[in-house]
Amino acid sequence: MSAFKFSVGPWNVHAGADSYGPATRNEIDLETKFAKFAEIGFSAVQFHDDDAVPDMNNMTDEEIKEYARGVKKLLDKYGLAAEFVAPRLWMDPHTADGGFMSSRKEDRDYAMWRAYRSIDIARELGCDLIVLWLAREGTLCAESKSPVWATKQLVEAINKMLEYDSTIRICIEPKPNEPIDRSICGTIGHVMAISAATIDPKRVGGNLESAHAILAGLDPAHEIGFALAFDKLFTVHLNDQNSIRYDQDKSFGVENIRAAFNQVKVLVENNYGSKGEYVGLDVKAMRTTSDEDSYEHLKNSLDIFKALEEKVARYDYEYANKLIEERKFEQLEMYTMNLIMGLV
Ligand code: XUL
Ligand code: MN
């Protein structure tokens with residue numbers, strides 16, 4: 001039995017297309033995904049605005065809310081909650097040069113429209129969290145926009161969202177690059193600075209994704225710890241990543257089991273989840289995965305997380321603290337490795 005509640009997005013079960021080739025599996029409809037998510041142990045679903053309301057660009061504000069109410073009924077049918085809604089500010093032609101900091105005013109207005117509608121959808125789905133994965137907020141051409149102006153644009157956009165709804169919480173998911181070249185908000189440290197500059201810092205926090213931290217050359221457990229120290233870890237996207245290359249969204253723990261152990265350890269030690277936070281798994285299946293194995297990577301990630309949770313429960317803090325006191329870090333390291341390897 002895990003002490004945590006888990007969440008997942010519909011995009012985590014996908015047809016396998018990448019930038020270099022077409023789909024390798026069939027598409028699966030939303031209801032089938034919900035049923036399977038509930039069956040394998042998830043309590044909540046994460047949404048992009050258009051995961052919930054696919055044709056939202058061609059709908060009125062009222063029609064969007066009405067459609068979202070239908071999705072809420074579907075969630076209820078499977079006993080699932082909605083964790084967050086994230087405006088998808090990277091697919092539409094309006095977002096070719098970013099959203100909140102696009103070089104064109106009409107595009108910035110479009111981004112705000114999507115942000116407000118995301119809040120409306122979140123409200124209909126029964127959640128109070130908006131995630132901003134700022135895919136294209138930065139520069140492709142370094143001289144194309146001032147980083148000072150762009151940073152202020154982001155603060156202003158978040159302030160408008162906070163004003164639009166007096167209790168909504170905004171959660172930035174930082175990433176240093178991809179698809180953008182130079183991101184404006186690349187790490188949890190950047191998130192803290194943006195949060196502090198808004199009109200209501202208590203309502204602005206972060207979503208730490210393991211792979212994104214690794215892409216920034218940072219340790220995911222330390223990034224999690226940094227956010228926890230300021231009470232700013234609103235959610236997490238756990239996964240894994242082989243070094244600094246394209247964003248891989250591998251199953252949790254499959255590349256670096258010790259780093260995964262330390263992510264679980266810092267979450268457990270700081271009672272993450274006690275305020276209702278979910279453990280989100282932002283993992284993707286391999287391109288070679290067959291249709292019938294479409295959910296294996298999710299099951300594997302859950303199993304690995306829970307196995308590491310058990311390891312943390314067995315961690316001998318008395319022994320570890322004694323070793324720390326005596327500064328016997330070689331022994332501390334080997335104790336940890338032996339525990340992970342199942343040798344103690
Ligand atoms: C992109 C990423 C996204 C966000 C949701 O790298 O992690 O899946 O988590 O928009
Ligand atoms: Mn993510």
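We use all heavy atoms of the structure for the numbers below, so side chains are in, but hydrogens, waters and symmetry mates are not. Atoms within each ligand, like the ligands themselves, are counted from 1 in listed order. A quick note: this is a predicted structure, and the numbers were derived from the prediction, not measured.
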Student: Please check if the side chain of S195 supplies one atom and the backbone of P201 the other of a donor-acceptor pair under 3.5 Å.
Tutor: yes

Student: Who's touching ligand 1 if we go heavy atoms under 4.0 Å?
Tutor: W11, H48, W90, W133, E173, K175, E209, H212, H237, D247, D282

Student: Between V71, I121, V53, V131, which is the residue that forms a side chain to side chain contact (heavy atoms under 4.5 Å, CB included) with F47?
Tutor: V71

Student: Taking the N/O/S atoms of D282 one by one, which is nearest to the Mn ion (ligand 2)?
Tutor: OD2

Student: Could you identify the N, O or S atom of E209 positioned closest to the Mn ion (ligand 2)?
Tutor: OE1

Student: So, of the N/O/S atoms that E173 has, which is the nearest one to the Mn ion (ligand 2)?
Tutor: OE2

Student: Any carboxylate oxygen within less than 4.0 angstrom of a Lys/Arg side-chain nitrogen, looking at K322 and E325?
Tutor: no

Student: Just how far is it from atom CG of D109 to atom CD of E106, taken to the nearest 0.5 Å?
Tutor: 8.5 Å

Student: Between the Mn ion (ligand 2) and H237, is there an N, O or S atom separated by less than 2.8 Å?
Tutor: yes

Student: Between F234 and F84, is the ring centroid distance below 6.0 Å?
Tutor: no

Student: Could you label the plane-to-plane angle of the Y315 and Y335 rings as parallel, tilted or perpendicular, counting under 30° as parallel and over 60° as perpendicular?
Tutor: tilted

Student: Before accepting this row, confirm whether a basic side-chain N of the pair R114/D50 lies closer than 4.0 Å to the acidic partner's carboxylate O.
Tutor: yes

Student: Would you sort out whether K145 and D97 count as a side chain to side chain contact (heavy atoms under 4.5 Å, CB included), showing the intermediate values?
Tutor: CA-CA 10 Å; K145 60 188 75 159; D97 185 37; 3.4 Å; yes

